[in-house]
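The next block holds one structure in the form of structure tokens; read it before the comments.
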Amino acid sequence: MDELRQIIHIDMDAFYASIEQRDNPKLRGKPVAVGGDPKGRGVVMTCSYEARKYGIHSAMPAKKALTLCPQVVFVRPRFYVYIEISNHIKEIFYQYTDLVQPMSLDEAYLDITEISNDFTSAKLIAEEILFEIYKQTKLTASAGISFNKFLAKVGSDYNKPNGLTLITPENADEFIDRLPIGKFFGVGKVTEKKMIELGIHTGADLKNFGLKNLKRHFGKSGEYFYNCAIGIDARTVSSHWSRKSLGMQRTLGKDIDNKEEIISFLEKIALKIEEHLKDKKLKGKTITLKVRYYNFHTLTRSITLKEAVDNGKIIIENIKKLLDKTEVGKKKVRLLGITISNFIRNQYGVKYKQSMLKI
Ligand code: TTP
Ligand code: MG
């Protein structure tokens with residue numbers, strides 16, 4: 001069996017709404033909804049826990065929220081503040097590990113296997129992170145700690161707000177068995193309805209339905225659901241969202257001063273980089289050339305483009321311009337490298353675009 005991992009999932013509580021309450025004392029303790037205009041066709045992006053008591057929730061038409069709770073205070077979103085805080089909490093996460101996978105502005109997985117001995121210390125680390133978040137931002141978050149991503153996420157949702165839930169291999173079965181089917185990873189509204197029609201209401205029902213039947217009804221996802229039901233989720237915490245640059249460098253077989261040979265060597269690197277960028281769905285604006293001469297003297301030359309690129313041909317065109325700012329062709333070279341940075345990307349993996357567009 002693979003080594004047991006220790007994964008924390010952290011999710012801020014009523015993120016946008018808590019920030020608005022933090023920044024405006026008049027909103028504290030009140031039902032607050034962040035989103036579009038209740039007079040128009042706006043939707044609720046999120047609401048405070050006080051508003052949730054009235055049945056208000058994310059993606060609900062603002063008009064309906066007002067009917068449920070006439071005294072609800074509507075606030076327009078301030079994305080720049082949310083992004084700033086999102087970056088701040090990420091900085092806190094990176095103080096513990098590099099293995100951070102942000103899933104949206106307010107949510108991330110951390111793999112702390114390397115820095116934690118067991119689940120007792122994992123829980124202490126999670127507590128410390130929640131404490132740091134509160135100390136530095138005056139906002140609360142919830143955490144789930146477990147041995148896979150699915151259970152860590154279920155855990156962070158279990159005791160919200162300001163809660164912490166540890167799901168160990170010992171208590172996982174009990175936990176999963178009781179879990180409503182809608183809480184399983186990948187089960188959205190449509191799948192949930194189908195599951196309920198099949199008599200599957202909980203994790204226990206899911207397990208009892210059996211792998212074969214699940215595959216028959218849900219195809220490949222059926223296998224995934226079954227694995228979750230028996231506590232298996234092999235997805236790793238992948239930290240490439242946080243990557244600041246992507247580069248590659250190679251030492252030449254022998255020192256060269258022929259410029260054409262050097263360009264063709266760099267072309268190969270650029271194509272490889274294109275492959276990696278596309279694979280990781282990244283595009284960068286800054287292209288950097290690195291040259292190490294025969295005498296180990298090393299320099300870099302960079303160019304920043306108006307538009308982000310992932311195309312090897314454009315990269316090499318710019319690399320040629322950068323080569324003119326070096327002594328390549330005159331002085332022998334032993335190593336060459338290209339790095340792309342200054343990424344634009346769906347860096348927060350924002351999942352809620354639809355309702356964001358509707359405000
Ligand atoms: P969530 O973490 O789902 O919600 P939340 O943080 O407001 O509340 P909690 O986690 O305590 O249940 O989403 C994070 C933010 O993303 C949320 O504050 C607002 C935004 N969002 C939308 O814009 N539209 C949506 O449909 C959802 C679900 C969230
Ligand atoms: Mg949240």
Side-chain angles (χ1 to χ4, degrees), residues 8-24 27-38 41-65 72-90 92-93 100-110 126 129-130 133-134 137-144 149 152-165 180 182-190 192 241 346-359:
I8 302 179
H9 179 261
I10 300 206
D11 189 301
M12 302 296 288
D13 301 323
F15 190 47
Y16 298 178
S18 305
I19 295 170
E20 297 308 329
Q21 288 182 317
R22 180 195 73 171
D23 293 350
N24 181 355
L27 299 177
R28 291 184 201 156
K30 290 196 181 144
V32 174
V34 179
D37 185 358
R41 288 156 49 81
V43 290
V44 173
M45 307 181 87
T46 192
C47 61
S48 65
Y49 276 79
E50 292 85 353
R52 293 183 196 196
K53 287 190 204 137
Y54 295 87
I56 302 176
H57 58 76
S58 295
M60 172 183 277
K63 254 190 196 137
K64 180 160 180 210
V72 67
V73 187
F74 274 93
V75 184
R76 288 307 177 94
R78 293 181 300 152
F79 289 114
Y80 64 98
V81 183
Y82 311 152
I83 289 169
E84 202 176 293
I85 296 170
S86 177
N87 288 334
H88 188 157
I89 59 171
K90 261 183 266 169
I92 297 176
F93 301 152
V100 176
Q101 182 176 9
M103 301 303 290
S104 69
L105 287 184
D106 87 323
E107 178 195 354
Y109 290 100
L110 283 72
I129 296 174
L130 295 190
I133 292 177
Y134 187 73
T137 68
K138 292 286 174 285
L139 295 166
T140 64
S142 298
K149 279 171 120 177
K153 179 155 170 101
V154 164
S156 75
D157 192 44
Y158 191 71
N159 253 330
K160 259 183 173 295
N162 199 12
L164 190 136
T165 305
K183 300 265 180 194
F184 277 78
F185 178 76
V187 179
K189 284 274 166 280
V190 178
E192 184 182 11
W241 292 113
N346 186 359
Q347 102 195 80
Y348 305 108
V350 178
K351 296 185 297 185
Y352 310 118
K353 274 198 209 110
Q354 239 182 334
S355 54
M356 280 167 90
L357 288 175
K358 279 194 208 145
I359 61 159

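The basis for the numbers below is simple: all heavy atoms, side chains too, and nothing from hydrogens, waters or symmetry mates. The structure displayed is predicted, hence computed values, not measured ones. In each ligand, atom 1 is the first atom listed, and ligand 1 is the first ligand listed.
- Stacking of Lys160 on the aromatic ring of Tyr158 is not recorded, the 6.0 Å distance cut-off and the 45° axial limit not both being met.
- Which parts of ligand 1 touch Ser58 is read off a 4.0 Å heavy-atom cut-off, strictly below it: atoms 25 (C), 26 (O), 27 (C), 28 (C).
- Those atoms of ligand 1 with a heavy atom of Thr46 less than 4.0 angstrom away are 5 (P), 7 (O), 17 (C), 18 (O), 19 (C).
- Lys153 is not listed as a side-chain neighbour of Lys183, based on a closest heavy-atom distance of 4.5 Å or more.
- Rounded to the nearest 0.5 angstrom, Leu130 CG and Asn162 CG are separated by 7.0 Å.
- Atoms NE2 and CG, from His9 and Asp157 in turn, are 9.0 Å apart once rounded to the nearest 0.5 Å.
- At a heavy-atom cutoff of 4.0 Å, ligand 1 is contacted by both the backbone and the side chain of Met45.
- Between Pro161 and ligand 1 there is no heavy-atom distance shorter than 4.0 Å.
- Around atom 11 (O) of ligand 1, the closest heavy atom drawn from Phe79, Tyr82, Phe15, Tyr49 belongs to Tyr49.
- Ring orientation note: the planes of Tyr16 and Tyr82 are close to parallel, at an angle under 30° on the 30°/60° scale.
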So Met12 and Ser18, side-chain contact (heavy atoms from CB on, under 4.5 Å) or not? Walk me through it.
-> CA-CA 9 Å; Met12 302 296 288; Ser18 305; over 6 Å; no

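- When non-hydrogen atoms are compared, ligand 1 lies under 4.0 Å from the backbone of Met12 (N, CA, C, O) but not from its side chain.
- From Asn87, atom CG reaches atom CG of Leu105 across 8.5 Å, with rounding to the nearest 0.5 Å.
- Residues passing the ring-ring contact (aromatic ring centres under 6.0 Å, His included) test with Phe93: none are found, sequence neighbours excluded.
- For Arg52, every heavy-atom contact with ligand 1 shorter than 4.0 Å involves the side chain, none the backbone.
- Closest heavy-atom approach to atom 6 (O) of ligand 1 among the candidates Asp157, Asp106, Leu139, Ile19: Asp106.
- With 3.5 Å as the limit, one finds a donor-acceptor pair spanning the side chains of Thr140 and Asp13.
- Only protein atoms were considered; those of element N, O or S under 2.8 Å from the Mg ion (ligand 2) number 3.
- Any N or O atom pair closer than 3.5 Å counts here, and Tyr16 shares at least one such pair with ligand 1.
- Atoms CD and CD, on Gln21 and Glu50 in that order, are 5.0 Å from each other to the nearest 0.5 Å.
- Taking 4.0 Å as the cut-off, Glu107 does not count as a neighbour of ligand 1 on heavy-atom distance.
- In this structure, the separation between CZ on Arg28 and CD on Glu20 is 12.0 Å, given to the nearest 0.5 Å.
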